[in-house]
Structure formats: structure tokens, C-alpha cells
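Being a predicted model, the structure only gives us computed values, none of them experimental. Below, read A as the first sequence line, B as the second, and so on, with proteins coming before strands; counting in each chain starts at 1. FYI, side chains are in, hydrogens and waters are out, and symmetry mates aren't considered; it's all heavy atoms of this structure.
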Amino acid sequence: MDTRRIAEVLDEMGTLLEARGEDAFRCRAYHNAAQALKALPPDLSELIASNQLGETPGLGKSMLAKVVELATTGRLESYEQLRQTTPPGLVALLRVPGLGPKKIKVLREELQIEGLADLRQAAESNQVASLKGFGTKTEAKILEGINFIESVGDRILQSTARRQIGPILDWVRAQPATIKAEACGSLRRQKATIGDLDILFASSDPAPVLDGFIHRPEVAAVLAQGPTKASVRLAEGVQCDLRGVSLTQFPFALNYFTGSKEHNIAMRRRAIARGWKLNEYSLDGPEGPLPCDSEAEIYERLGLAYIEPELREDWGEIEAAERGPLPTLVTRSDLIGTFHCHTDWSDGGATLDEMVEATRARGLTYLGIADHSRSAGYAGGLSIERVRKQWAAIDALNTKLGQTFKIFKGTECDILGDGSLDYPDEILAGFDYVVASVHSLFGLSREVMTDRVIAAVKNPYVTMLGHPTGRLLLARDGYAIDLEAVIEACSKSGTMIEINANPHRLDLDDEHCRRAKALGMLLVINPDAHSTGGLDDLDYGIGVARRANLTAADVFNTRSSSEVEAAFARHRPV
DNA sequence: GCCGTTTTCGGCCCGACTGTTTTCAGTCG
């Protein structure tokens, strides 16, 4: 079993133990061990053989034995037992706001509640309010929480989060009492999906801002309200927290509320190791406070180089920052051009000219067109005849544009069921580049799907693999595929993998981008734009790349137009 | 369940807020 899956098993065990109300520190030990594993290579056999695995902090004697059992046999007796003896619905109860391990234990012991349906029934018949430690408000809150989970789910897309937080953040910033304000939490870390919205502001008088906030038109319900913090549920369902601190507290609070939780814990441990104390308000030594004007200073005080928000997951960034400055992460302004854009030749909404104009307006100097191939009937895929016509149109436009801008002729070519491509070689040879994507037969077995995609990326005309898992965030899981094997195959054949920047996809994900980088591969941030506005999705792709620790050198579309041309020429068969 | 040069037992990040209590436990981030 690979490392990632082992980490998932340990995480699940920790969660199952929590739902059962076991000792909280024991539960955390499982999560900590899972976290520690994420920094290790996908195949543990070498570490096991050389007896080095046990040196990993967080893996004690007992945990080590579990990891070895999983890695070598693919099974774990204690895991299977735990699953068998824990009601499957119990874990869902942890997602109900206001319910934690202790309350769940009471519900289970007193009312035999083992899932959301049981809980709803008990709450609706007022059995919950009479339990010790519960009351009518808790009961009402539980019902509201179940409704929330069952209606909208508990995460939203990053793009949805940005749209919702925008007007609120602008409003907070515009308040006279506000000195400055930032969005924190997983949004600042640019996670693909977001659980809730966090806004932090600095002020010497936070009360009027908090009061105005809870009366905003977007607010559907006030969940909590104190002198420094207010929590609301917005009309669209997501929770939004607003916290006010003083200007001197701001850097500490910004760091704390940006998280991740794991990163914070590691930071606090580091402070403790120096005999200091770190919290959301200050860093304190034995002789008093150690003031910091910025997050960078907090890291400096703790003997660390600055760590960008996107890296704060306790995936090894603290150890890296201990050794010295971290590489400069890629930014939007590093991108010089873009690939994988659609036009109205297939299912895009804009003309070729409009896409060129929009690309130039965004400061880019080349545009790769990649309309759908002929089998993609649903998306107006181009027949060979139409391909030739589009080439002529692009040639004409390129001539008109002269040296100032370059359009690359590409295609998003379907990978057919057997792994062959949707155009014959002589047509593929006419494109500057080829993005190969799966758009059909999602239900193939993992083995067949993996072979199919690997066959396609081995095709010498294929320049990039498009959205490698086909996932649609919060809507559809990716198809079954051995992504590790696909990445390795791409590495061998010199095929790039795209980071599809559409906020519904973000595919390849950050974790596998790290893997690709470790193999020395180039990634390419592709907006998969179907309109001029779709070009702005590049920002989401940048977020994935930054979370994956990618620098400009790791991203293909930071290369100049002439470097791109040379790279295409090198890649294609002679 | 992990960890250790003040500890092999007794800690484990910690502060705000809520609701249910009548001084605090539980949850959350």
C-alpha cells in the first residue's frame, strides 16, 4: 500500500476513535502520524528495509507496526476491527456544528443515536434537550446543523468563497474604525475548496464593525457574537467569521487565523521549545513580549525563513524554512502566455480575435488555442476539414499580429477508449502542440483507464496531458486511475501535465504536482477558458502551483514565446 | 498513542464563545 493511502487509513482511524469518544490525545496521535507520513516518499519499502521509518517523529512503536503492516500486507487488523465495531453513521455526527466527541458519546449512550437520521428524529421529538449538558438551544442548533449539512454540504469552491467574501471584505475595509483587513483561513492558503470564510481586521474599536457586520444583508443567522468576534451564516449557507484585534496583535492573529491548524501547532511547539509562548495575540518570552510588525518577523524570531500562506500545511515547510530561505513561488505575473483555450470554433463563447484581445489585455504575449477534437460531438469538436480551416485562420491572424503576439495551434484531443488519439498522426503533426484529455468512458476499471491514459501520453505527438483525473470538485470524483503511474509515464516520455485552472477542476491537484516536481517534470497552468473571462481562472491554477511549492522555473508557460516554440520543436517526432 | 538532558509518568496549543450551569465543560478554529 502506498504512503498516501496509509496516511488516509490512519486519519480515518483517528476520526473513528474521535466519533467513539476515545481519548482525544490518542486520536490526535493517529492524525499526527498521518501528517508525518505525508512528507515521506510514496513507496516506504526502502525506509522499512533500512529500519529508518521509526525515526520519523510521530511514529512510535505501536504506530510504526501499524504502518509497516499496511505497507507490506495492505491490511491492518486493528483498522478492520475498528471499522466493524463503529456504526458507519457515527462519523457524520462530527460534522454537525456544536457536536464533538463528548456530546456524541452522551447521545449514543443515552439515546442510542448512531447517525444523522437518528439524531434528527431524537431532536425533532425533543429527546435531546432533556439530556444532561444539552438544552433547548443545543437541540435547535443541532437541527439547524443537520439541515445545513443535508442541503448545501459543508464545503464550497474557492471561486464561490471569493465571490461571497469580496463585498464583505470591501465593506470591512471601508469602515472608519478599520485600520486594515485580510481574508484568512483556507482561502488565504488557496485551498481548492473552502469550509468557511474568515476575515480579520485591525482596529482600536472593533465593536461598531462587528455590529455592522451581523446586520449585513448577506447574513441569514448570527451564530455567535462577542466583543472581538462574530460568526454568522450567510444566506448562501456558508459560515463567515469576523474577528477584530489591535494593530500590534494583527500579525500574530493573521498568522494564527490563516492556519493551517497543523502549521499553527508546529509553530507553537517551536515557541515552547525556546521557552516562549505563541498565541493569536503575541509572542512572549520570559522577559516579556517579543513584538513583531509582520508575519515575516514572527518566522524570523522563531529561526525560520518566511513561509508563504499556501505552504502552511505542516508538510515539511517548517523544516525547509529552518534550513534557509524558501524558493520564490510562482506568481501570476510570471506567466507570459497560456495554453488550452477554447473558441467558438468548438464550445467556447468567444471568437479567435476576442480571445487574442483578451489575452493581450491580461499582459500575456502568446495564446495556445485548443478546441475539441472530432469525437467530442457534444462540444462541437472539429472535423479534420475544420481543423485545416482553423489553422488557416490562425496563420492569417498571426501574420497580422506580427512580432507582438503569437497564437499557437493546438487541440484538446480526446483520448479514445483504447488510448489512441482522435486524429491521425498526419493531422496531429500539423499542430504546434496537443493536449490529450479523457472525455468519455469514465467507468473503465482502474487498470484499463491507467493503461489507456499511459498509452496516450506515450504518443510522441502529445505535448500535455489535460485534466488528468476528470474530477469536478464537490460534484464528481475523478475516474479510477493510478495517477502515480501516469505521472511516472509522463516523466519518462517528457509529456507535461496541465494544472487545469478551472475552479471546478483544479486537476492536477497540489499533492500530485509536488510528486511531478520531485520527478523533475514541468507543469503547465492551463485556464481551459471557454470565454474571455475564463482566462482569469489562471489565478486558481497559480494557487495550486504555489501550494505545490512550484517556482517559475517549474511552470512551462513562464517561458517566452521563442522558448516555447523551441520546446515544441524538440518534443515532436522528426 | 507519542514523547523525554528538569519527567519513563504525565504532559500533550490555547483562547473565545456558548449553553448549561450556578462555576465550567465542550466545541471551535
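For the P atom pair drawn from B/dA16 and B/dT8, the interatomic distance equals 34 Å after rounding to whole Å. Here, B/dT5 and B/dG1 have their C1' atoms 23 Å apart, quoted to the whole Å. The same atom, P, is picked in B/dT6 and in B/dC2; the two are 24 Å apart, to the nearest Å. Nucleotides B/dT20 and B/dG26 have their C1' atoms positioned 11 Å apart, rounded to a whole Å. Look at the C1' atom in both B/dT27 and B/dC13: the space between them is 15 Å, to the nearest Å. Across the P atoms, B/dC17 and B/dT21 are found 22 Å apart, a figure rounded to whole Å. Going from the P atom of B/dG15 to that of B/dG10 covers 24 Å, rounded to whole Å.
Within the cation-pi definition used here (under 6.0 Å to the ring centroid, within 45° of the axis), A/Lys103 qualifies as a partner of A/Phe134.
Checked against B/dC17, B/dC2, B/dG26, the side chain of A/Met63 finds its nearest nucleotide in B/dC2.
The backbone N or O of A/Ile168 sits nowhere less than 3.5 Å from a side-chain atom of A/Glu218 that would complete a donor-acceptor pair. A/Thr178 contributes a side-chain N or O that, together with a main-chain N or O of A/Val172, makes up a donor-acceptor pair within less than 3.5 Å. At distances below 3.5 Å, not a single donor-acceptor pair connects side-chain atoms of A/Arg312 with backbone N or O atoms of A/Gly259.
Judged by Watson-Crick or G-U wobble contacts below 3.5 Å, the nucleotide B/dC24 has B/dG19 as its partner.
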Can you tabulate the close N/O pairs, meaning under 3.5 Å, that link protein atoms to atoms of nucleotides 9-13 of chain B?
{"unit_1": "B/dC13", "atom_1": "OP1", "unit_2": "A/Arg28", "atom_2": "NH1", "d": "2.5"}
{"unit_1": "B/dC13", "atom_1": "OP2", "unit_2": "A/Arg269", "atom_2": "NH2", "d": "3.1"}
{"unit_1": "B/dC13", "atom_1": "O2", "unit_2": "A/Arg268", "atom_2": "NE", "d": "3.4"}
{"unit_1": "B/dC13", "atom_1": "O2", "unit_2": "A/Arg268", "atom_2": "NH1", "d": "2.6"}

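When heavy atoms are screened at a 4.0 angstrom cut-off, A/Thr228 is found touching the sugar-phosphate backbone but no base atom. Residue contacts shown for A/Val106 are absent, as no nucleic acid heavy atom lies under 4.0 Å away.
Between A/Gly58 and A/Gln239, the residue anchored nearer the 5' end of DNA chain B, judged by the nucleotide with its closest heavy atom, is A/Gly58. Remark on DNA chain B: of its neighbouring residues A/Ile104 and A/Lys277, the 5'-side contact belongs to A/Lys277, judged by nearest-heavy-atom nucleotide.
Here A/Thr228 pairs with nothing under the side-chain contact (heavy atoms from CB on, under 4.5 Å) rule; sequence neighbours left out.
Between A/Arg173 and A/Glu182, at least one side-chain N (NZ, or NE/NH1/NH2) sits under 4.0 Å from a carboxylate O, which counts as a salt bridge.
Applying salt bridge (Lys or Arg N to Asp or Glu O under 4.0 Å) to A/Arg189 and the options A/Glu313, A/Glu317, A/Glu310 leaves one that passes, A/Glu313.
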task = Determine, for nucleotides 18-25 of chain B in 5'-to-3' order, which nucleotides have protein heavy atoms under 4.0 Å from the base (write B), from only the sugar-phosphate (write S), or from neither (write -).
result = SSS-----
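The glycosidic torsion of B/dT21 lies more than 90° away from 0, which places this base in the anti conformation.
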